[in-house]
Amino acid sequence: MRKTPLLRGAAVTAAALLVLAACSTDDSVDDPAPDAGSDPTTSESTAEEPPADTEWFVQADYDEQDAQRSATFEGDPATPWLQYIDGAMTDTSKYATQESQKVCFANASISNPWRQTGFITMNQQLQALQDSKVISDMEVRDAQDDDNTQIADIDYFIAEGNCDVFIISPNSTAAMTPAVERACETGKPVIVFDRGVNTDCYTTFIHPIGGYAWGIDTANFLSENLEEGDKVIALRILPGVDVLETRWAAADKIFAENGIEAVDYFTGADPTKIKQIISDELVKGDVAGIWMDAGDGAVAAIEAFEDAGVDYPVMTGEDEMSFLRKWEETGLTGLAPVYSNFQWRTPLLAVEMIAAGEPIPAEWVLPQTPITEDERADYLAANEGMPDGHYAKFGGEDLPGFPEAWQDR
Amino acid sequence: MRTRLESLTSTGIVVIVLALSLVIGAILTAVEGRNFLSTGNISAILTGCSILGFIAIGQTLVILVGSLDLSVPFVVSLTSVVAAGQMNGDPAQVAPAVLLALAIAAAIGLVNGLVVSFLKVHGFIATLGMGLIISGYLATNYQGSHGSAPRSFRLIGATQVGPVPVSALIMLGCALLAIVILRRTRLGHHLYAVGGNPEVARLSGIRTSVPVVAAHVLCSLLAAMAGLLLLARLSVGSPTIGSQGDYDLMSIAAVVLGGTLLAGGKGNIVGTLAGVAIFAVLDNVMGVMQVNPFLKDVIRGLVIVAAVAVYARREIDQRPARFDRPTGLSAVLQEKP
Amino acid sequence: MSTQLAAHQRGFAGRVLAAVLTPGGAVYVLAAALLIATIQANPNFGDPGVIMLFLGRTAPIAIAAIGQYYVIVSGEFDLSMGAVIGTQVVLAGNLIGEDPDRIVPVTLLMLLVGAAVGFANGVLTTLLRVPSFIVTLGMMLALGGLVSYVTGGAATGNPVDEFREVGRGRFENVPVVEFLPYPLLILIVLAIAAVWLMRRPFGRNLLAVGDNPESAERSGSSLWWLKTRAFMLSSLAASVSGILLVGYAGVHPSVGDGYEFTAITAVVLGGVLLGGGRGWVLSAAVGAIALELLFTLLTVQEVESTWRDTVQGVIIIVAVAVAARGWQAGRRPRRSDTRTPSTRIPTPISTNQPSQGTNTGDN
């Protein structure tokens with residue numbers, strides 16, 4: 001008997017709450033008003049995207065990155081983390097200050113060796129800049145690989161952080177765009193690095209050339225060293241992550257053009273899975289090449305060939321020490337593509353430049369050069385004593401705490 | 001009557017734990033030189049509650065009926081990309097997109113429920129398998145963020161009433177509906193009965209499949225609500241957003257933290273909400289204190305076990321053995337007329 | 001239980017027939033079918049050496065499944081398995097390093113750590129009455145986080161090759177099968193030990209407690225110690241699995257990821273009832289082999305990488321649904337309590353309840 005009225009009551013209450021909420025919406029939305037301004041651009045850019053969605057391949061980006069591979073970089077090659085491709089500069093004179101800066105860093109995660117290495121480098125760089133009083137403090141929030149958490153982190157910084165500068169390493173590109181725009185609206189400098197965002201409201205966006213360049217370097221190398229019709233196993237970490245999808249998209253295209261048969265697998269970077277997949281493929285038939293979208297777990301792939309007692313493949317890994325060491329030990333034909341780990345220093349150095357009011361590149365494209373067999377010995381020597389999960393091009397040799405900070409993790 | 005008293009006390013414990021964590025959180029936040037009760041912080045905590053809240057409410061229903069749902073993260077991701085694709089920035093498509101997302105989720109829940117109740121597959125395996133099935137579909141069809149939400153829809157994620165985000169209010173509305181269903185409808189009573197002891201429930205003339213299927217459908221629908229809310233917050237659909245949040249295990253943890261028996265048959269929504277809030281406060285405080293992300297997991301793990309241990313001790317003190325659930329059940333059944 | 005009791009009363013042929021009809025027996029048929037399908041798709045997989053290599057690399061997951069079996073059959077879950085494997089892998093990498101003299105002490109330490117984790121799981125579950133799902137979930141988070149924190153998320157590197165030999169090496173020149181991988185040998189030893197253990201009072205009590213916790217309590221066996229031993233066996237199995245995986249694949253933080261779910265899936269594929277009380281330990285191990293065969297078959301059939309999860313999901317559900325039918329067929333009347341084993345109250349108990357307030361006839 002009582003059920004129906006109660007149910008109805010609940011529904012009415014819920015509806016009333018909603019209406020109430022809807023009413024107050026218009027008032028409170030006033031603070032993020034500029035959001036309305038930026039809205040059309042967002043929808044426009046997404047409207048252009050659908051073809052990319054289906055193919056996950058943007059020819060213009062591919063061509064641009066292809067060209068950037070051979071571009072000339074401004075600055076001293078001895079400090080590649082400060083090099084950039086000539087282009088539009090952001091005028092930062094309005095930010096010039098003598099005060100120590102409070103930096104707020106919204107990090108996507110430190111859940112893989114690449115990010116762990118970079119984060120150490122960043123902290124050592126921070127120490128150097130704290131010693132020179134450029135930075136007073138860096139508050140870090142780690143989103144543990146979750147977009148939703150990172151949005152909350154950025155909003156928290158805006159509301160509670162007393163930040164002078166925002167540094168954001170987005171967990172994913174499109175999803176983080178609105179939150180980065182909100183950070184921009186505070187009028188403080190916003191530095192984005194690694195993965196990008198679909199807006200250019202930032203002060204600077206720091207990144208190596210990109211995923212297509214990785215795919216082009218690696219797939220060209222394999223195509224040159226293999227015959228038409230050879231089989232390549234592509235080991236991919238996981239689907240749905242844009243920075244990894246572009247690497248594969250470029251490589252897949254080049255393999256197809258060169259008549260290389262490429263079969264891709266998702267491994268989660270788990271060496272057990274990698275070894276099983278390669279073992280099964282070796283039973284099925286010859287495998288001439290291995291392509292990886294990140295070098296994590298490369299050693300297991302090589303070991304699968306050893307266990308099966310067949311010749312080593314032509315292979316592309318990454319500049320992770322484990323791969324470089326195994327590569328040297330086995331003498332296989334290989335290439336270590338680099339997703340420049342030293343980029344983790346650059347955002348803090350950008351803070352220094354911004355505080356000094358110096359112009360900085362609006363899109364700061366860092367060099368991204370693979371390590372070839374000829375250079376391998378130098379990098380192995382330079383990184384001796386580093387753990388297997390360390391990255392050769394970490395670029396922290398001149399920072400305080402070298403090398404212990406990277407050795408004792 | 002006894003059921004009410006018991007649930008009051010058990011929920012009471014959870015609420016006390018929550019109050020305790022609020023106090024400790026306020027102190028620790030103050031030590032860091034921050035204000036725990038500032039608008040920004042309260043809004044951050046409530047936002048943290050809302051997504052997991054939706055999923056945990058649904059998970060409560062499924063656990064009450066004696067099953068589990070491990071497919072929720074994938075339902076979240078699927079609804080987020082499907083709705084985003086349907087909207088594609090067009091405000092006119094919001095309603096169709098929402099309906100489409102909910103319909104797909106309901107269908108998934110229906111399949112889960114049918115597999116569990118008619119094929120006799122344990123909920124753990126049925127929903128694990130369903131999660132894998134959806135995950136394959138997502139991986140094949142979505143290689144990154146997809147579609148976009150128009151501004152009108154994004155407002156749901158961005159709007160606040162004072163410090164309270166609208167998303168949290170919608171979540172509380174859903175919680176209220178779930179409470180009404182559990183307390184005042186035949187379905188709710190059957191849910192407890194089947195979860196308490198399916199055999200007895202069957203013998204007493206309940207069609208045990210109905211509450212099982214209904215709970216699974218509701219759970220998937222609530223996961224879809226979470227997916228839609230995430231779409232509003234992210235502005236684009238994401239094929240990995242559900243897995244990113246570990247919503248399967250964390251929602252189960254929140255439900256048990258809230259005092260619901262994992263074996264089914266006993267528990268309530270208010271406790272679950274308190275459990276979700278405990279997690280949100282914990283995360284918030286750890287964020288303010290800049291706890292190392294790896295240590296965060298350690299603390300989460302310890303808190304989950306410790307909190308449930310406090311609660312479980314109390315259970316043993318109160319009850320002679322773990323088998324008086326049917327008593328609770330019969331009390332529920334008696335409450336029906 | 002009823003199936004097993006019934007089976008004991010028949011002759012050998014009858015027992016085999018009855019066994020194959022149960023889910024615990026059906027998994028052998030499933031494994032054989034998958035193997036035949038794989039060989040048919042690519043005859044190379046019929047080569048004895050290839051089969052041996054396959055069994056060798058499947059040993060860690062089969063051992064994990066045996067460990068998980070003890071816990072599941074007693075009516076609990078162990079979700080901490082993957083974290084235990086990850087811990088052992090990192091311990092091996094960081095503590096043994098390049099020093100062969102440390103192999104023995106560190107291995108002992110690893111087993112000790114495994115036993116300690118299992119002991120903690122067991123005590124928290126039984127004495128503090130925290131559901132094992134939650135205890136082991138908490139353990140998974142805590143252990144995984146602790147290891148990452150202590151190591152900064154990255155292990156130093158692979159341990160010496162001598163240590164890895166146990167997971168990578170093999171006996172050469174074995175008749176018929178060409179060679180015998182060490183992991184397979186360890187699996188065989190552990191499987192025999194498991195069969196023996198399940199025939200001992202410990203095993204019988206474990207089954208009894210999973211089937212009906214109260215009766216086991218009444219029969220006087222110490223419930224907490226019984227279940228705690230099951231958890232310890234599970235963690236020890238995970239530790240052995242971890243040792244083999246270090247050998248097989250090397251050190252990486254992601255080794256062991258998701259092993260808890262793989263092991264549970266394997267156990268359930270093996271016809272073991274989630275919720276406890278029913279199932280054979282060898283079937284759990286064969287469940288693991290069937291699961292790995294399925295992955296291999298997907299590779300052989302060149303199933304699109306993105307669709308593999310879906311195929312796996314469908315097959316798991318179908319296999320378990322068929323198995324559920326099997327248990328029902330094996331029992332006399334249709335009883336619906338097999339559906340939700342997490343409700344662990346078997347029918348006889350409910351009749352013991354003094355007043356149900358509902359109809360308790362029909363027994």
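In what follows, chains are A, B, ... by sequence order, proteins preceding strands, each numbered from 1. Please read all numbers here as calculations on a predicted model, not as lab measurements.
- Top candidate by heavy-atom pairs under 4.5 Å with chain C, chosen from B:Leu302, B:Leu128, B:Ile133, is B:Ile133.
- Taking chain C as the reference chain and counting heavy-atom pairs below 4.5 Å, the highest number among B:Val303, B:Ile134, B:Leu295 is found for B:Leu295.
- In this structure, the portion of B:Val115 lying under 4.5 Å from any heavy atom of chain C is its side chain and not its backbone.
- The residue among C:Ile317, C:Leu146, C:Leu79 with the most heavy atom pairs within less than 4.5 Å of chain B is C:Ile317.
- The shortest distance between side-chain heavy atoms of B:Tyr142 and B:Val82 falls below 4.5 Å.
- Heavy atoms of B:Leu249 lying under 4.5 Å from chain C belong to its backbone as well as its side chain.
- Here the side chain of B:Thr127 pairs a donor or acceptor atom with the backbone of B:Gly123 at under 3.5 angstrom.
- Ring centers of B:Tyr137 and B:Phe74: at least 6.0 Å apart, outside the cut-off.
- Of the two parts of B:Ala126, only the backbone, made up of N, CA, C and O, holds a non-hydrogen atom closer than 4.5 Å to a non-hydrogen atom of chain C.
- Interface remark: B:Leu68 contributes side-chain atoms only to the contact with chain C (heavy atom separation under 4.5 Å).
- Only the side chain of B:Leu70 comes within less than 4.5 Å of a heavy atom of chain C; its backbone N, CA, C and O stay farther away.
- Residues passing the side-chain contact (heavy atoms from CB on, under 4.5 Å) test with C:Val311 are C:Leu298, C:Val303, C:Ile315, sequence neighbours excluded.
- Qualifying salt bridge (Lys or Arg N to Asp or Glu O under 4.0 Å) partners for B:Arg300, counting only residues two or more places apart in sequence or in other chains: B:Asp283, B:Asp297.
- Among C:Val268, C:Thr265, C:Leu143, the residue making the largest number of heavy-atom pairs under 4.5 Å with chain B is C:Val268.
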Query raised in the report: Do B:Asn112 and B:Cys219 pass the side chain to side chain contact (heavy atoms under 4.5 Å, CB included) test, and can you show the C-alpha distance, the side-chain angles, and the key distance before you say yes or no?
Result: CA-CA 10 Å; B:Asn112 281 341; B:Cys219 182; over 6 Å; no
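- For C:Thr299 (side chain) and C:Phe295 (main-chain N/O), a donor-acceptor pair under 3.5 Å exists by modelled atom type.
- Proximity to chain B (any heavy atom under 4.5 Å) is restricted, for C:Leu124, to the side chain, taken from C-beta onward.
- Annotation: maximal heavy-atom pairing with chain C below 4.5 Å, among B:Ile304, B:Leu138, B:Thr140, B:Leu119, occurs at B:Thr140.
- The candidate from B:Leu132, B:Val305, B:Val256 with the greatest count of non-hydrogen atom pairs under 4.5 Å with chain C is B:Leu132.
- Relative orientation of the C:Phe133 and C:Phe77 rings is perpendicular, given thresholds of 30° and 60° on the angle between their planes.
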